J.: 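Below is the structure I would like to discuss, written out as structure tokens.
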Amino acid sequence: MAKEKLLLLDGNSLAYRAFFALPPLTNDSGIHTNATYGFTTMLQKILEEERPTQMLVAFDAGKTTFRHESYGEYKGGRQKTPPELSEQFPYIRKLIDAYNIKRYELDLYEADDIIGTLAKQAEANESEVIIVSGDKDLTQLATDNVTVYITRKGITDIEKYTPAHIEDKYGLTPAQIIDMKGLMGDASDNIPGVPGVGEKTAIKLLKEYGSVEALYEAIGGMKASKMKEKLVANEESAHLSKKLATIFTEAPIEVTLDELAYAGPNEDALLTVWQELGFKSLIEKSDMQSTAQEQEEIQLNIVNDITAAMLKDTLALHVELENEHYHSCAMLGIAITDGVDAKYIPVDVALKSDAFKAWLEDETKKKYIVDSKATQAILARYDIKLAGVAFDLLLASYIVNPAISGDDVATLAKEFGYTNVQPNEVIYGKGAKWTVPEEDVLADHVSRKAIAVWHLQPVVEKKLQDNEQYDLYHDLELPLAEILGAMEIAGISVNVETLKQMGQALLEKLSVIEQTIYELAGEEFNINSPKQLGVILFDKLGLPVLKKTKTGYSTAADVLEKLQSEHDVVKHILDYRQLAKLQSTYIEGLTKEVHAEDSKVHTRFQQALTATGRLSSTDPNLQNIPIRLEEGRKIRQAFVPSKEGWVLFAADYSQIELRVLAHMCQDPVLVEAFKEGMDIHTRTAMDVFGVANPDEVTANMRRTAKAVNFGIIYGISDYGLSQNLDIPRKKAAEFIASYLQSFPGVQGYMENIVADAKREGFVTTILNRRRYLPEINSSNFNLRSFAERTAMNAPIQGSAADIIKKAMIDMDARLQKEGLQAKLLLQVHDELIFEAPVEEIEILERIVPEVMESAIELTVPLKVDYSHGHSWYDAK
DNA sequence: ATGCTCACG
DNA sequence: ACGTACGTGAGCATT
């Protein structure tokens with residue numbers, strides 16, 4: 001018989017966890033759903049990952065348990081279960097039933113005891129057992145066959161406690177967890193323990209004595225101390241606490257293991273509960289949606305001949321593509337609609353119609369499109385210059401809420417309550433199963449997309465108007481899409497030969513370093529594998545473990561840097577890492593992206609992706625080409641102008657984010673510093689360190705001040721700063737306090753922006769871009785803190801993005817007005833890269849800074865630095 | 001598919 | 001006490 005795998009869930013604990021981890025969601029009928037939703041997602045994930053053969057969810061029974069007999073105050077002083085949670089328990093039971101999972105509760109016993117008892121029985125049967133709970137007490141049950149999963153931060157993130165993990169984490173055996181509880185107590189269960197003994201002390205004592213009993217036997221020999229006094233005075237409490245914390249594994253349960261067989265959910269029942277609770281995303285994700293998503297009939301003609309009458313003044317247009325790589329992929333089909341009926345135009349029919357091409361290029365013929373940039377780019381490959389874009393669903397949705405994910409029309413449409421279009425996955429399948437369907441199915445799908453766009457245009461534009469974001473969408477993002485399209489289509493030339501030579505040199509260097517590492521390590525292994533590297537460094541060579549990841553030892557650069565003095569191999573590994581990154585990502589990866597026809601790379605700028613309003617760049621990412629280290633920076637020598645006699649011209653904003661901050665907070669010292677053109681990090685150092693004269697600021701003071709400035713932009717935390725500067729957290733906290741005292745305007749801004757976010761649920765940028773922060777009022781400290789830091793950072797990063805986007809639009813207009821050949825090629829968050837005939841450099845040096853600096857007027861000046869050269873490397 | 005690491009602003 | 005800097009994308013190893 002195949003080995004059984006038993007999954008035991010602590011129902012109460014997980015429901016509580018889910019309730020407090022998630023914001024207070026409600027469904028359409030006003031029922032709270034955060035606990036049910038969290039519980040469901042956790043369950044889905046664990047079912048998917050573990051595929052158990054047996055399952056049970058245990059619940060606590062009534063108020064009193066056998067523990068109350070020995071200790072009346074057990075779980076005393078607990079806050080009453082919030083009513084918002086109580087109302088969800090019936091649904092959780094319903095959900096469990098719909099999954100066909102056994103649930104069980106037993107009078108006088110807690111869920112822990114049921115779980116402990118069953119785990120023990122199953123282990124005797126040689127089953128594999130997994131226990132899932134939010135309560136670390138359960139870890140005492142871990143054995144070689146029983147793993148305890150404890151949720152951490154949220155509910156789907158799980159820490160797996162095996163005996164080895166417990167040894168690693170606490171230096172204790174699972175059984176000693178009970179002793180630990182006995183000594184330190186547990187406030188949430190009102191278990192007293194020994195006052196004054198916390199986790200650290202408890203572990204120390206247990207490492208020395210082994211158990212509570214052994215400790216008290218040996219206590220006579222312990223040298224006199226405050227701690228000894230406390231231990232002696234509370235001996236009884238320690239023994240009682242240990243008893244209370246001990247999970248009872250002999251509970252008189254009436255279920256047997258054979259009753260726990262799990263064979264999957266009752267899909268109909270589950271779907272019904274999900275619908276009742278309003279779990280739309282889960283319904284959509286599951287395979288059960290076919291029953292859920294009824295599609296209405298549409299009017300559709302497949303046309304073989306395009307007539308003038310079809311090409312109206314305003315139409316929704318959808319060009320369906322094979323995949324997202326619109327610079328290289330094929331078109332699958334085209335649809336147009338005026339909302340009444342749809343016309344599906346096969347690609348070959350469209351391409352041979354001059355009337356259709358003329359319509360596409362006619363500025364006065366208005367088009368409503370999902371993704372105008374993709375459409376512009378694909379048509380450009382057939383020498384068609386798309387004009388007259390009057391609506392872009394992707395951009396409009398993104399401005400309404402940048403968190404709206406995905407570029408699939410169905411996903412976007414659903415956000416606005418329109419469901420009469422299927423997700424791509426349903427039509428094409430995904431992964432290896434992807435196929436283009438029969439023409440009638442394809443025609444229907446593509447037409448539905450066009451119809452969706454037509455219907456959504458007024459809906460989404462209205463929403464933009466209501467939010468006072470129409471201008472941002474219409475005057476900034478929409479024209480920017482066309483400019484980005486032109487940049488992508490233009491591409492940037494890459495000298496493949498240069499890359500190839502660099503690659504050769506790198507390979508030689510790498511193989512030398514590789515051999516050195518093997519020699520120093522005493523064996524060959526895969527240096528690229530953090531797992532294997534960890535074994536070599538920390539097990540074999542015995543280096544101290546300073547940081548761990550979820551899955552093992554951390555071998556990140558900041559850790560290795562601290563280990564350099566411990567062993568010679570570390571330095572070589574750092575070198576290897578640096579060069580290997582260059583080789584794989586920037587030599588090999590980039591080379592693969594160069595188009596053979598024109599020797600250029602054509603990135604795609606994602607305009608509707610980031611949470612803050614920034615762009616991102618893919619295939620290849622041209623926004624993370626190395627610059628900080630010289631070896632990497634040389635990669636930029638391969639980026640060259642596309643024509644003889646041309647050069648690359650680069651212009652970047654100096655300190656744009658800090659200037660934005662100065663503008664928004666109006667702190668007098670910060671504003672003054674920028675107005676006077678001071679070095680801002682030096683100025684900050686003067687204030688933080690209380691130095692009156694810039695000359696007295698040392699390099700180290702400036703470096704610290706710079707880190708503090710970054711911290712301010714990111715939403716400061718003492719821990720973050722301490723990590724960055726590798727200083728004690730206390731020291732970091734002092735720097736921050738000193739900063740905020742010197743710049744009270746900044747402090748006020750930070751406080752206000754967080755308060756605004758808590759009230760409104762979102763923060764905004766200079767041009768009224770929004771970022772919603774649903775977790776800002778969470779009772780979960782981590783979620784809330786993250787949202788608070790985001791509230792501080794998003795307006796700064798987002799406003800900087802607004803500014804450079806506006807500058808790109810102004811710059812495009814200016815280049816046209818001046819009749820220049822210069823072309824904008826790239827944007828890298830705070831810099832613009834052009835190529836131009838060398839004769840135009842003089843004029844660019846005048847107009848580029850002028851346009852960029854006046855893109856949006858702030859109360860502090862914007863400053864732009866610029867340079868040019870025969871490669872991107874030389875434009876420095 | 002996911003986690004780790006590392007490249008950029 | 002909690003457990004962290006903000007925003008991205010790509011390659012590799014591993015499951």
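So that the names make sense, note that chain A is the first sequence line, chain B the second, and so on, each numbered from 1. Nothing here was measured: the structure is a model prediction, and the numbers come from that model.
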J.: Contact class for A:S554 vs. all strands (heavy atom < 4.0 Å): base, sugar-phosphate, or nothing?
T.: sugar-phosphate

J.: Checking contacts here: which listed nucleotide (B:dG9, C:dA13, C:dG3) is nearest the side-chain heavy atoms of A:S529?
T.: C:dA13

J.: So, does the side chain of A:R628 form a donor-acceptor pair with the base of B:dG9 at under 3.5 Å?
T.: yes

J.: Could you work out which one of C:dG9, C:dT14, B:dG9 sits closest to the side chain of A:V828?
T.: B:dG9

J.: Could you say whether A:E199 or A:I716 is positioned toward the 5' end of DNA chain C, judged by the nucleotide with the nearest heavy atom to each?
T.: A:E199

J.: Kindly point out which of C:dT4, C:dC2, C:dG11 is positioned nearest to the side chain of A:Y719?
T.: C:dT4

J.: Nearest-Å distance, CG (A:L582) to P (C:dG11)?
T.: 14 Å

J.: Starting from P on B:dG9, measure out to CD on A:Q623 and report it in whole angstrom.
T.: 10 Å

J.: Is any side-chain N or O of A:S616 closer than 4.0 Å to OP1 or OP2 of C:dG9?
T.: yes

J.: Reckon A:R771 touches a base, only the sugar-phosphate, or nothing at all at heavy-atom distances under 4.0 Å?
T.: sugar-phosphate

J.: Give a yes or no on whether a salt bridge exists between A:R769 and A:E477, defined as a side-chain N under 4.0 angstrom from a carboxylate O.
T.: yes

J.: Using the P atom as the reference point in each nucleotide, state the distance between C:dC2 and B:dC6 in Å, no decimals.
T.: 27 Å

J.: For A:N621 and B:dT5, what is the distance between atoms CG and P respectively, to the nearest whole Å?
T.: 20 Å

J.: Between A:K531 and A:Y553, do the side chains contain an N or O donor and an N or O acceptor separated by less than 3.5 Å?
T.: no

J.: Output the rounded distance in Å from CD1 (A:I573) to C1' (B:dC6).
T.: 16 Å

J.: In whole angstrom, what separates A:K581's NZ from B:dC8's P?
T.: 9 Å

J.: Decide whether A:Y428 and A:K433 meet the rule of one side-chain donor and one side-chain acceptor closer than 3.5 Å.
T.: no

J.: Looking at A:K531, I'd like to know whether one of its side-chain N or O atoms comes within less than 4.0 Å of OP1 or OP2 on C:dC12.
T.: no

J.: A:I627 side chain: which of C:dT8, B:dT5, B:dC8 is closest?
T.: B:dC8

J.: As a test of reading the structure: which of C:dG11, B:dT5, B:dA7 is closest to the side chain of A:P626, going by heavy atoms?
T.: B:dA7

J.: Can you check the distance between C:dT4 and B:dG3, where both ends of the measurement are the P atom (answer in whole Å)?
T.: 14 Å

J.: Quiz question: by atom type and distance under 3.5 Å, do the side chains of A:S13 and A:D135 form a donor-acceptor pair?
T.: no

J.: Do A:R577 and B:dT5 share a donor-acceptor pair, side chain to base, under 3.5 Å?
T.: no

J.: Report the nucleotide, chosen from B:dA7, C:dA13, C:dC2, that has the shortest atom-to-atom distance to any side-chain atom of A:F781.
T.: C:dC2

J.: Take the protein atom CD1 of A:I804 and the nucleotide atom C1' of B:dG9, then report the distance between them rounded to whole Å.
T.: 10 Å

J.: Report the distance from atom NZ of A:K200 to atom P of C:dA1, rounded to the nearest whole Å.
T.: 11 Å

J.: For A:Q723 and C:dG3, is the shortest distance between a side-chain N/O and OP1 or OP2 below 4.0 Å?
T.: no

J.: Given atom CD of A:E831 and atom C1' of C:dT8, what is their separation to the nearest angstrom?
T.: 15 Å

J.: Does the C:dC6 base have a donor-acceptor partner in the side chain of A:Q797 within less than 3.5 Å?
T.: yes

J.: At under 4.0 Å between heavy atoms, what does A:L609 touch on the DNA or RNA strands: base, sugar-phosphate, or nothing?
T.: sugar-phosphate

J.: Do A:S616 and A:T610 have a side chain donor and acceptor closer than 3.5 Å?
T.: no

J.: Starting at the 5' end of DNA chain C and moving along, which residue's nearest nucleotide shows up first, A:G711 or A:A611?
T.: A:G711

J.: Once you apply the 3.5 Å cut-off to both distances, tell me the Watson-Crick or G-U wobble partner of C:dG7, or none.
T.: B:dC8

J.: Can you tell me if A:S584 touches the phosphate of C:dA10, counting only side-chain N or O atoms and a distance under 4.0 Å to OP1 or OP2?
T.: no

J.: With heavy atoms under 4.0 Å as the rule, sort A:A707 into base, sugar-phosphate or nothing.
T.: base

J.: When all nucleic acid strands are considered with a 4.0 Å heavy-atom cut-off, which category describes A:N724: base, sugar-phosphate, or nothing?
T.: base

J.: What nucleic acid atoms does A:T585 come within less than 4.0 Å of, heavy atoms only: base, sugar-phosphate, or nothing?
T.: sugar-phosphate

J.: Base, sugar-phosphate, or nothing for A:I625, non-hydrogen atoms under 4.0 angstrom?
T.: sugar-phosphate

J.: Name the closest nucleotide to the A:R789 side chain, picking from C:dG9, C:dA5, B:dG9.
T.: C:dA5

J.: Students often get this wrong, so: under 4.0 angstrom with heavy atoms, is A:A557 touching a base, only sugar-phosphate, or nothing?
T.: sugar-phosphate

J.: Okay, side chain of A:K509, backbone of A:L579: is any donor-acceptor separation there less than 3.5 Å?
T.: no

J.: Examine the side chains of A:Q797 and A:E657 and answer whether a donor and an acceptor come within less than 3.5 Å of each other.
T.: no

J.: Which nucleotide sits closest to the side chain of A:N624: C:dT14, C:dG9, C:dC6?
T.: C:dG9

J.: For A:Q623, run the side-chain hydrogen bond (donor to acceptor under 3.5 Å, both in side chains) check against A:E831, A:Q827, A:R614 and tell me which one passes.
T.: A:Q827

J.: Roughly how far apart, to the nearest Å, are B:dC8 and C:dG3 at atom P?
T.: 31 Å

